[in-house]
Amino acid sequence: MSLLTPILARITAPLAFLTRRRTARRLFAFALAEQESMLELRAAAARCPSPERRALYLRHALDEERHAATFAAHAADIRRSLGLPSWGHPRTGCEGLYERLGEAGFLAFVHRGEERGREQFETYRAHFERRGDAKLRALFHALIGDEKEHERYTRALLVEHAGGEPAARRWLWKMAAWEGFRVWRRAGQTLAQLVYAASMTVLYLTLLPFALLVRLTRPTPRGTWH
């Protein structure tokens with residue numbers, strides 16, 4: 001178990017769930033993540049050569065689809081209570097991670113994600129228990145059992161597929177490094193987009209007075225009828 005995930009979840013929970021509007025946004029973000037996981041698992045099942053593993057991936061995908069619908073429904077309920085429209089069913093894509101990482105890499109990636117998810121859900125369950133919110137406490141409590149089962153079977157498959165516990169641990173470390181690079185790259189892309197938008201705004205505001213001055217001093221000639 002990682003100590004970092006539950007610590008971060010506990011620190012950020014009061015802000016993430018500060019208002020009902022923020023809570024709805026956070027729950028819908030979970031819905032999108034679960035929906036993406038479902039698509040990745042379906043893609044893995046379509047390419048996996050083993051019927052047994054294929055069946056496990058499809059069963060897992062059904063759980064993720066149910067989780068996505070559950071989170072989206074709770075988010076919609078909260079938004080309706082605020083007089084806001086629902087965001088509807090979560091729609092997202094997938095990266096084709098089974099094909100990109102290979103089966104051992106994919107299993108290590110999924111196992112790490114399920115472990116983080118279980119730790120987060122346990123932390124959020126405790127958060128809502130302290131707040132006396134029985135409905136949201138029950139939401140996270142109901143999903144923890146699924147997360148534990150997903151965590152268990154992916155670790156067992158990884159050990160089997162990698163050829164033993166030491167090899168499985170190496171794959172987990174390798175995926176930890178890959179995920180770190182992936183997060184860094186995504187953060188860099190987001191930062192680049194923000195810098196570009198800010199630069200274009202500054203450039204536009206800087207050039208606007210000159211454009212207005214040119215327009216005043218050199219008005220565009222109008223056409224004439226002959």
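Between F17 and R26, the closest side-chain pair of non-hydrogen atoms falls below 4.5 Å. Annotation: side chain of F109 is not in contact with side chain of K174 (no heavy-atom distance under 4.5 Å). Taking 4.5 Å as the limit, every side-chain heavy atom of V110 sits out of range of all side-chain heavy atoms of Y57. Y98 has its side chain out of reach of E40: every pair of non-hydrogen atoms, C-beta onward, lies at least 4.5 Å apart. Side-chain contact between L107 and H161: present, with at least one pair of heavy atoms (C-beta onward) separated by less than 4.5 Å. Contact of the E149 side chain with the D63 side chain is not registered, since no non-hydrogen atoms from C-beta on lie closer than 4.5 Å. Residues E103 and R47 fail the side-chain proximity criterion, which asks for heavy atoms closer than 4.5 Å. Counting heavy atoms from C-beta outward, L27 and L136 have side chains that approach closer than 4.5 Å.
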Just do the salt bridge (Lys or Arg N to Asp or Glu O under 4.0 Å) check on R169 and E165 with the steps written out, would you? CA-CA 6 Å; R169 284 197 295 269; E165 184 64 37; 3.6 Å; yes
For R80 and L82, what are the C-alpha separation, side-chain angles and deciding distance, and is it a side-chain contact (heavy atoms from CB on, under 4.5 Å)? CA-CA 5 Å; R80 276 194 295 270; L82 297 171; over 6 Å; no
CA sep, side-chain torsions, deciding dist, call: T154, F106, side-chain contact (heavy atoms from CB on, under 4.5 Å): CA-CA 9 Å; T154 51; F106 177 75; over 6 Å; no
Go through the steps for W178 and R100 under the test side-chain contact (heavy atoms from CB on, under 4.5 Å), then give the verdict. CA-CA 12 Å; W178 182 83; R100 289 174 59 188; 3.7 Å; yes
In sequence, state the C-alpha distance, the side-chain angles, and the governing distance for T5 and T123, and then conclude on side-chain contact (heavy atoms from CB on, under 4.5 Å). CA-CA 9 Å; T5 297; T123 304; over 6 Å; no
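Taking a cutoff of 4.0 Å between a charged side-chain nitrogen and a carboxylate oxygen, E147 and R152 do not qualify as a salt bridge. Between R10 and E122, none of the side-chain N atoms (NZ, or NE/NH1/NH2) sits under 4.0 Å from a carboxylate O, so this pair counts as no salt bridge. Ionic pairing of E36 and R91 is not present here: no N-O contact between side-chain nitrogen and carboxylate oxygen is shorter than 4.0 angstrom. For E151 and R155, the salt-bridge test fails: no basic side-chain N is under 4.0 Å from an acidic carboxylate O. Ionic pairing of R66 and D146 is present here: one or more N-O contacts between side-chain nitrogen and carboxylate oxygen are shorter than 4.0 angstrom.
With R54 contributing its side chain and C48 its backbone, the two residues share a donor-acceptor pair below 3.5 Å.
Between H60 and H150, the ring planes lie parallel to each other; the angle is under 30°, not in the 30° to 60° tilted range. Between F140 and F71, the two ring planes are tilted [angle within 30° to 60°].
The two residues P49 and R53 make their nearest non-hydrogen contact at CG-NH2, 4.1 Å. The nearest pair of heavy atoms linking A168 to A162 is N-CB, 3.9 Å. In this structure, R79 and P85 approach most closely via the heavy-atom pair NE-O, 2.6 Å. Taking both residues in full, the closest heavy atoms of R20 and S81 are given as NH2-OG, 3.1 Å, listed atom of the first, atom of the second, then distance.
Clustering ILVMFWY residues whenever any of their side-chain heavy atoms sit less than 4.5 angstrom apart, transitively, puts Y153 in the very cluster that holds L97. M38 and L56 are not part of a single hydrophobic cluster, where members link through side-chain heavy atoms under 4.5 Å apart. Linking Ile, Leu, Val, Met, Phe, Trp and Tyr whenever their side-chain heavy atoms come within less than 4.5 Å puts I78 and L84 in one cluster. When hydrophobic clusters are built by joining Ile, Leu, Val, Met, Phe, Trp and Tyr residues whose side-chain heavy atoms come closer than 4.5 Å, directly or via intermediates, L39 is not grouped with L58. The same ILVMFWY cluster, assembled from side-chain heavy atoms under 4.5 Å apart, contains both I144 and L139.
By the salt bridge (charged side-chain N to carboxylate O under 4.0 Å, His left out) test, E64 pairs with no residue at all, sequence neighbours left out. Partners of T19 according to the side chain to side chain donor-acceptor pair (under 3.5 Å) rule, which considers only residues two or more places apart in sequence or in another chain, do not exist here.
Taking the six-membered ring wherever Trp is involved, the centroid distance between the rings of F30 and F121 falls below 6.0 Å.
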